[in-house]
**Q** 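One structure, pasted below without further comment.
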Amino acid sequence: MGVRPPAQWSKSLNRWLYIRNKAGRSFFTILFVVVLNFFLFRVLPGDPARQGIRDPRLTQEAIEAIRVRFGLDKPVINCIQTVNPLRFGSCEVNPLETQFFIYVKNLTRGELGISFYYNRPVSDILGERLWNTVLLIGGGQILSIIVGVVFGVMAAWKARTSVDYGALITGLVAWSLPTFWLGIILLFWGSSHGFPIGGKATPGMSSYPFMTQFTDVLWHLVLPTLTYTIVFMGEYMLIMRSSLLDVLSEDYILTAKAKGLSTFQILKDHALKNGMLPLVTIIAINLGFTVGGVIQIESVFSWPGLGGALFEAVSRRDFPILQGGFLLIAISVILANFIADLLYSYLDPRVQIE
Amino acid sequence: MKNKILYLFVVVALILSACGGAGSGQPSVVRIGWASGPDSLNIGVAWLMAAYTISELTYSSMYEFKLDGTLVLDLGTDVSASADGLVYTYKIRNGIKFHDGKPLTAKDVAFTYNLVKAHTDFPTLNSYTEHFASIEAPDDSTVVITLDQPVPNIASKLVFLYILPEHIWKDHSEGDAAAAFENLEMIGSGPFKMLENKPNEFIRLGVNKNYYGQVPKVDEVIFQVFSSSDALVQALKTGQIDMITSVPNTSVASLRTAANVKVVTGAPLSPDLEDIIFNMVDPTNCPTADGGLCTGHPALRDKQVRLAMAYATDKQKIIDIVLLGLGAPGIALIPNGTGEWFNSEIKDYAYDPAKGNKLLDDAGYKDANGDGTRDMPDGSLPLTFRMNWPSSDNAAPRIAELLSEMWKQLGIKLEMQAVESDALTAKCCPALDYDIMIWSWVADPDPNTLLIIPITDSIPTGYNETGYSNPRYDELFKLQGSEMDGSKRLKMVWEMQKIIHDDAPYIIPYYAFAVQAYRTDRFKGWLDSETKLALEDPSSLTIIEPVK
């Protein structure tokens, strides 16, 4: 490629500069998301204080009291009273008394506000939900990566044999299965084979010993994780296979073969590291996004994860949950990409210089 | 290959589950599946029916809401009213304890009523204490409620005011603190007590052995959330749960053939009333000061046009298609599930499109230009109506589609569009900037909350969405609102329903059934043949017992 190997000192300096640049960019992206998140949801039609409007018991004073309680009576920001419909207000308002600054002020103190709907702190709700999602996605990701990489490598090494075609077809089918459909099929199958099909634990297990509770959760994880694994395994396998096929057609692999290296050695020392590059990107992107939960899997299996919480919050105009949830997703996507960049610089030292 | 992974999974899972087999047998636990749990355990700020379901089980109230729609004393043992109907003196049971062992006295009752009265940020409960001037507890077993005007059916005002323990709520009673209180322990004095609450997963209730009424025969009740209705139904079929509070109509056929499952229907505990709503406001009544635009089609102000549409509405067909047969034809503004309040003598408009056409012919609505749509008698406007419904209403698009077909036989055309519910509120109430809407109302045990909708005074507030105005109806509303003689009031309430039916500002397409299902091999004794169907109500959960 014509890149000169840099001297030792500049190599470490380069790496440091590279990390600093990437970290700075990530930080500004998060700031941007903080601002966008606030206005994005206020543009939605619908007044969160009027969800019970078709109830004759609800008086005008009661609606006003709800507005006051959640700070919805305050102007959105200086000069703008509401965003949807756009209504201009006084510019003389104390900026600290506007919804936007109260939101920012709370954020700097690590407070995400109170959910309009659940009447509970958003951080509590998102905390519970995040942990559940990580449990589901974590297991599913690890399994699908392992299965996907192993079968992808096998398919690439045995290219154009029945092993390859079998793996290719399986991968394509798995990756194109609609998630909710696969979920429902597994739900029907699982429910008649004794698998629990709802929630993340059997109600009433809290008084049992830790190991019993642990196995109970694992037991509940089987069907949703299986759904996740089957779908994502396909994606990883296809990418691993095609990327490795590219690498294996390179001259240096031929050289390695000519030198008499074993199949395993060629894969391990020469092909895999290069072949993994595209996969790292995909994994990082998937990891970030899936913190938002795989809504379809969550709703089929009543898994109390983040995706479901956000989905419900949209229809309920629960701004604090939406703001907190989207911030969380944004941070995880950005963080996952940042980590991918770091990994990249380790796997492929060229990226630091470019 | 896929199979291998699958089997590997199953084997691992089986081994794991075998290691930690849960103890079996001893406590009898009723497992109930529902689509979503309560939004809050603080009943003051809760919106959802589920919050009331849990409160019914964990709290006591002065009155009990029976499944025939009547209200009988529960915590109270005796009530006497002063001659002018302004002072009510209640005697309450002695020796009752809250779940935490502290005694429940009249002081707790007065505290609760005063708390609700002081909090306009308790959006639905606060209106029940509207005419309460003062609430006092002169001794531990007496509560005196003084009103600022006579209120008929005071029982309906008190039935949802669950008695909260003063020793817990006194620290959360001032200002914002009451609405912000999460009330996770939910200490009450009902037949069940809160054991565990996992929001969006499940609620676990245990029996209150010291309950003053019928002590439940089961040990625990679990309400588990199933976010997918397929999973909910499948869980019942496979015995993972014992009862479903609301069966999707599309699953009824498959559940009816399932082994050991019984599907039951009845009037809902608190019914939603689906209405077809006509904008018939008279321009002189247009609430311009409150944002009224009153752009309704002039033909809808003509009773003959509305009656023609009523005759051309095939309610049974709507029920068969939209509810898969699981409903009764709607007639009056008060649903049939409200017991005696429902005027059962009204004869509905029989489906007869020819009669509808004749009414329109006689009233002079001819198709002047031959385009298939009738026009105003002066030829100025075709009978083309805008038809809107809130996008959150799942039944409305299908009702609208059917109405469009049915009313086409009359030469009436509909321009149909779903609108986001808050935007629709802005259009209708009190702007009256629509022609026809499909929307629903929430009903209360007392008919007053539904009867208030079509009064003239409700036009500017937006509740009177049709703009209907009838002096006789307004007068009756006022009279029934202070009539202390129950049978006289009932007569007025019946007459009001008749007036609305005759003038047809609304067409009520149906009263939907509540559909529930339970496993017959787990518990017996469910109350499934009362007027109202609510197997999750204490009336069932306190008497069911395990099948041997």
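Within every chain, numbering begins at 1; the chains are lettered A, B, ... in the order of the sequence lines, protein sequences first and strands thereafter.
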**Q** If you take all heavy atoms of B:P123 and A:L58, which pair is closest and at what distance?
**A** CB-CD1, 3.4 Å

**Q** Out of A:G199, A:A309, A:G198, A:A201, which one racks up the most heavy-atom pairs below 4.5 Å with chain B?
**A** A:G198

**Q** Closest heavy-atom contact between A:S206 and B:R204?
**A** OG-NH2, 3.9 Å

**Q** Supply the atom-to-atom distance A:S191 OG to B:L236 CG, rounded to the nearest 0.5 angstrom.
**A** 11.5 Å

**Q** Relative to chain B, which of A:I66, A:N132, A:N119 shows the most heavy atom pairs under 4.5 Å?
**A** A:N119

**Q** Out of A:I197, A:L187, A:I125, return the one with the most heavy atom pairs under 4.5 angstrom to chain B.
**A** A:I197

**Q** Pick from A:S299, A:P304, A:S302, A:A62: which one has the most heavy-atom pairs with chain B under 4.5 Å?
**A** A:S302

**Q** Please round to the nearest 0.5 Å and tell me the distance separating atom OG of A:S192 and atom NZ of B:K237.
**A** 11.0 Å

**Q** Show the nearest heavy-atom pair for residues B:Q234 and A:F188, with the distance to one decimal.
**A** OE1-CE2, 2.9 Å

**Q** Hey, does A:R129 have a side-chain heavy atom less than 4.5 Å from the side chain of B:N200?
**A** yes

**Q** Please identify, among A:E64, A:E61, A:R120, the residue contributing the most non-hydrogen atom pairs under 4.5 Å to chain B.
**A** A:R120

**Q** Check side chain to side chain contact (heavy atoms under 4.5 Å, CB included) between A:I169 and all other residues, then give those that pass, not counting sequence neighbours.
**A** A:V173

**Q** Name the region of B:T124, side chain, backbone, both or neither, that has any atom closer than 4.5 Å to a heavy atom of chain A.
**A** both

**Q** Please look at B:D444 and chain A and tell me whether the side chain, the backbone, both or neither of the residue comes under 4.5 angstrom of a heavy atom of that chain.
**A** side chain

**Q** Does some side-chain heavy atom of A:P121 sit less than 4.5 Å from a side-chain heavy atom of B:E182?
**A** yes

**Q** Using residues 177-185 of chain A as the side-chain source, report each donor-acceptor pair under 3.5 Å to any protein atom, sequence neighbours left out, with the distance given to one decimal.
**A**
residue : atom : partner : partner atom : Å
A:T179  : OG1  : A:Q296  : OE1          : 3.4

